[in-house]
Engineer: 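Please find one structure pasted underneath; my questions will follow.
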Amino acid sequence: MTLTGSWVGQIAVMHNRGSFNDMVGVILGLGAHMRRREFITLLGGAAAWPLVAHAQQPAMPAIGFLHSSTPDAFADRLRAFHRGLKDTGFVEGENVAIVYRWAENQPDRLPELAAELVRRRVAVIAANSTAALPAKAATTTIPIVFLVAEDPVRTGLVVSLARPGNNLTGINLVSGELTAKRLELLLGLVPAVTRVAVLVNPAGPLAETTLRDIETAIRAMGLQTTVLNASTNREIDAAFATFVDRRPDVLFVAPEIAFTSRRVQLAILAARHGIPMTSATREITEAGGLMSYGSNIVDANFQVGAYVGRILKGARPADLPVLQASKLELVINAQTARTLGLTVPASLLSVADEVIE
């Protein structure tokens with residue numbers, strides 16, 4: 001006996017609706033009227049239909065996440081990025097995949113890691129500061145959302161902030177412009193400062209700007225300065241070793257992602273030498289630095305996640321203006337201040353966004 005058109009149609013409808021159990025029920029009902037060989041053939045084919053239908057479903061989009069540091073060093077920022085994605089309707093593992101590429105504080109690895117993401121054909125790339133230019137060099141078609149502290153127009157990432165053009169857009173942190181204000185706040189907490197040590201990564205994107213701005217501020221305040229160049233753990237140790245012979249009154253840490261990822265080392269060395277330390281990122285203050293003043297980078301990472309989500313929904317990077325991170329925060333570590341024998345003035349406490357006890 002062969003199947004009639006009505007039976008085939010009934011099974012086809014159930015297949016299209018994805019009701020595998022109903023299909024099997026119909027086939028079992030037909031089994032009484034069919035020859036054994038036809039019945040087995042039909043049942044075997046029906047079992048494969050859901051698998052075929054599943055295989056034909058489109059794969060979830062993949063985001064390439066390119067970072068110059070390590071995942072454990074920036075867990076808070078990564079969580080904020082995920083919150084931004086969720087705010088636009090995307091949850092990792094549910095409707096989007098994320099391919100992570102961490103350079104482990106070796107920026108020379110970034111070009112190859114960016115090329116890997118391009119080969120994976122990710123739908124969009126999220127790139128932090130030093131990873132932005134390698135990502136741009138790797139592709140002119142895959143959308144890129146960056147988070148940078150340097151001027152993205154000056155560095156050639158975008159044509160303009162309002163109309164980025166091409167395949168890039170992102171978030172621009174306010175950082176270098178705050179150098180004088182950061183120093184002013186530090187002097188309001190540490191009395192009788194005459195010597196300022198400045199820790200810079202000479203290869204960092206903000207090294208030149210930071211040195212220019214702080215030299216201007218220090219001259220205006222009549223202070224002395226010593227510039228210490230470092231980028232690796234060993235170089236940071238060597239920089240602090242100079243304090244034995246020439247101890248500064250305060251240490252000004254330049255905005256640099258390599259320093260943020262080494263914040264525990266910086267905090268331990270600053271405590272060992274009894275040096276009040278200021279920086280641009282709250283993570284260094286949380287680790288034991290005295291104070292920080294700068295952009296709220298956690299909030300900026302949320303904005304990156306939201307921009308990535310909008311692009312996954314169809315927005316074009318060229319149509320999304322580069323956002324200026326507008327939230328600034330002053331964080332003071334009161335416990336570190338007490339250890340250094342400092343009293344935080346009420347004027348600073350009243351304007352601080354957070355005081356760590």
Engineer: Checking the side chain of Arg263 only, and the main-chain atoms of Ala73 only, is there a donor and an acceptor separated by less than 3.5 Å?
Structural biologist: yes
Engineer: Leu349, Leu186: one ILVMFWY side-chain cluster at the under-4.5 Å cut-off?
Structural biologist: yes
Engineer: Below 4.5 Å, heavy atoms only, C-beta onward: do Val148 and Thr155 meet side chain to side chain?
Structural biologist: no
Engineer: Determine whether Val322 and Ile171 make a side-chain contact, defined as any pair of heavy atoms from C-beta on separated by less than 4.5 Å.
Structural biologist: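 No; the side chains remain at least 4.5 Å from each other.
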Engineer: I'd like to know if Glu112 and Arg109 make a salt bridge, using a cut-off of under 4.0 Å between side-chain N and carboxylate O.
Structural biologist: no
Engineer: Hey, is Arg338 close enough to Glu357 for a salt bridge, meaning N to O under 4.0 Å?
Structural biologist: yes
Engineer: Under a 3.5 Å cutoff, is there a donor and acceptor pairing between the side chains of Gln265 and Asp237?
Structural biologist: yes
Engineer: Does the pair Leu187 and Met221 meet the rule for a side chain to side chain contact (heavy atoms under 4.5 Å, CB included), with working shown?
Structural biologist: CA-CA 10 Å; Leu187 298 184; Met221 297 176 184; 3.3 Å; yes
Engineer: Nearest heavy-atom pair of Tyr307 and Pro321: which atoms, and what distance?
Structural biologist: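 That would be OH-O, 2.6 Å.
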Engineer: Is the count of non-hydrogen atoms from other residues, nucleotides or ligands lying under 6.0 Å from Arg247 atom CZ greater than 12?
Structural biologist: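 Correct, the count exceeds 12.
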Engineer: Mind listing the closest non-hydrogen atom pair of Val159 and Val153 along with its distance?
Structural biologist: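 Smallest heavy-atom distance, with atoms named: O-CG1, 3.7 Å.
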Engineer: Using only atom types and a distance under 3.5 Å, with no angle test, would you say the side chain of Ser350 pairs donor to acceptor with the backbone of Ser347?
Structural biologist: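 Yes; judged by distance alone, with no hydrogens or angles, the pair exists.
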Engineer: Is there a side-chain contact between Val355 and Gln335 (heavy atoms, below 4.5 Å)?
Structural biologist: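 Contact flag for Val355/Gln335 side chains = no.
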Engineer: Return the CG to CZ distance between Asp87 and Arg310, rounded to the nearest 0.5 Å.
Structural biologist: 11.0 Å
Engineer: Between Tyr100 and Leu78, is there a side-chain heavy-atom distance shorter than 4.5 Å?
Structural biologist: yes
Engineer: Ile214 and Val250: same hydrophobic cluster, using ILVMFWY side-chain contacts below 4.5 Å?
Structural biologist: yes
Engineer: Please identify each residue that fulfils side chain to side chain contact (heavy atoms under 4.5 Å, CB included) with Asn105, with sequence neighbours left out.
Structural biologist: Ser69, Thr70, Ser261, Arg262
Engineer: Calculate, to the nearest 0.5 Å, the distance between atoms CG and CG belonging to Asp76 and Asn301 respectively.
Structural biologist: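 Rounded to the nearest 0.5 Å, the CG-CG separation comes to 10.0 Å.
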Engineer: Check whether any side-chain heavy atom of Ile142 sits under 4.5 Å from a side-chain heavy atom of Leu117, and report yes or no.
Structural biologist: no
Engineer: In this structure, are over 12 heavy atoms from other groups packed under 6.0 Å from Arg119 atom CZ?
Structural biologist: yes
Engineer: Supply the atom-to-atom distance Asn167 CG to Ile125 CD1, rounded to the nearest 0.5 angstrom.
Structural biologist: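 Between Asn167 CG and Ile125 CD1, I get 8.5 Å after rounding to 0.5 Å.
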Engineer: Show, in sequence, the C-alpha distance, side-chain angles and deciding distance for Leu251 and Leu199, and conclude whether the side chain to side chain contact (heavy atoms under 4.5 Å, CB included) test is met.
Structural biologist: CA-CA 7 Å; Leu251 174 62; Leu199 185 65; 4.1 Å; yes
Engineer: Would you say Leu348 and Ile332 make side-chain contact, with heavy atoms under 4.5 Å?
Structural biologist: yes
Engineer: Please work out which of the three classes, parallel, tilted or perpendicular, describes the rings of Phe74 and His67, given edges at 30° and 60°.
Structural biologist: tilted
Engineer: Report, as yes or no, whether the 6.0 Å neighbourhood of atom CD on Glu104 holds more than 12 heavy atoms from other residues, nucleotides or ligands.
Structural biologist: yes
Engineer: Do you reckon Ile284 sits in the same ILVMFWY cluster as Ile257, going by side-chain contacts under 4.5 Å, direct or chained?
Structural biologist: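 Each belongs to a different hydrophobic cluster.
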Engineer: Does Thr88 offer a backbone N or O that forms a donor-acceptor pair with the side chain of Lys313 under 3.5 Å?
Structural biologist: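 Flag set: sc Lys313 to bb Thr88 pair under 3.5 Å.
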Engineer: Give, for atom OG1 of Thr260 and atom CZ of Arg282, the distance between the pair rounded to the nearest 0.5 Å.
Structural biologist: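 That separation rounds to 12.5 Å.
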Engineer: Roughly how far, to the nearest 0.5 Å, is NZ of Lys136 from CG of Leu168?
Structural biologist: 6.5 Å
Engineer: Of all heavy-atom pairs between Pro255 and Arg182, which one has the smallest distance, and what is that distance?
Structural biologist: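 Heavy atoms only, the tightest pair is CG-NH1, 4.1 Å.
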Engineer: Checking side chain to side chain contact (heavy atoms under 4.5 Å, CB included) between Met291 and each of Val331, Leu185, Ile356, which is the one that passes?
Structural biologist: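 Answer to the side chain to side chain contact (heavy atoms under 4.5 Å, CB included) test with Met291 among Val331, Leu185, Ile356: Leu185.
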Engineer: When hydrophobic residues are tied together by side-chain contacts of less than 4.5 Å, even through go-betweens, does Val122 share a cluster with Val96?
Structural biologist: no
Engineer: Indicate if Met277 and Tyr293 have the same hydrophobic cluster label, given that clusters are the connected sets of ILVMFWY residues with side-chain heavy-atom separations under 4.5 angstrom.
Structural biologist: no
Engineer: Going from CG on Asp213 to CD on Glu208, what distance comes out if it is rounded to the nearest 0.5 angstrom?
Structural biologist: 10.5 Å
Engineer: So, the side chain of Glu235 versus the backbone of Ser231: is there a donor-acceptor pair under 3.5 Å, distance only?
Structural biologist: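 Here the side-chain-to-backbone pair exists.
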Engineer: Tell me the closest heavy-atom pair linking Leu342 and Pro276, and the distance in Å.
Structural biologist: CD1-CG, 4.4 Å
Engineer: What is the minimum heavy-atom distance between Ala325 and Leu173, and which atoms define it?
Structural biologist: CB-CD2, 3.9 Å
Engineer: Consider only side-chain N and O atoms of Asp249 and Thr194, and report whether a donor and an acceptor are under 3.5 Å apart.
Structural biologist: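 Looking only at side-chain atoms, Thr194 and Asp249 do form a donor-acceptor pair, the distance falling under 3.5 Å.
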Engineer: Would you say the side-chain atoms of Ser292 and Ser279 include a donor-acceptor pair closer than 3.5 Å?
Structural biologist: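 Ser279 and Ser292 do not have a side-chain donor-acceptor pair below 3.5 Å.
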Engineer: Give the C-alpha distance, both sets of side-chain angles, the deciding distance and a yes or no for side chain to side chain contact (heavy atoms under 4.5 Å, CB included) between Arg272 and Phe240.
Structural biologist: CA-CA 10 Å; Arg272 182 180 300 165; Phe240 274 86; over 6 Å; no
Engineer: Taking all non-hydrogen atoms of both residues into account, name the closest pair between Gly289 and Thr336 and its distance.
Structural biologist: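 Scanning both residues completely, I find the closest heavy atoms to be O-OG1, 3.7 Å.
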Engineer: Is any side-chain heavy atom of Leu66 closer than 4.5 Å to one of Asn128?
Structural biologist: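 Of all side-chain heavy-atom pairs linking Leu66 with Asn128, none is under 4.5 Å.
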Engineer: Are Glu283 and Arg77 within salt-bridge range, i.e. N to O under 4.0 Å?
Structural biologist: yes
Engineer: How far apart are the C-alpha atoms of Val196 and Thr226, what are their side-chain angles, what is the distance that settles it, and do they pass the side chain to side chain contact (heavy atoms under 4.5 Å, CB included) test?
Structural biologist: CA-CA 6 Å; Val196 178; Thr226 301; over 6 Å; no
Engineer: Does some side-chain heavy atom of Glu329 sit less than 4.5 Å from a side-chain heavy atom of Glu354?
Structural biologist: no
Engineer: Check the orientation of Phe65 and Trp102. Use parallel for under 30°, tilted for 30 to 60°, and perpendicular for over 60°.
Structural biologist: tilted
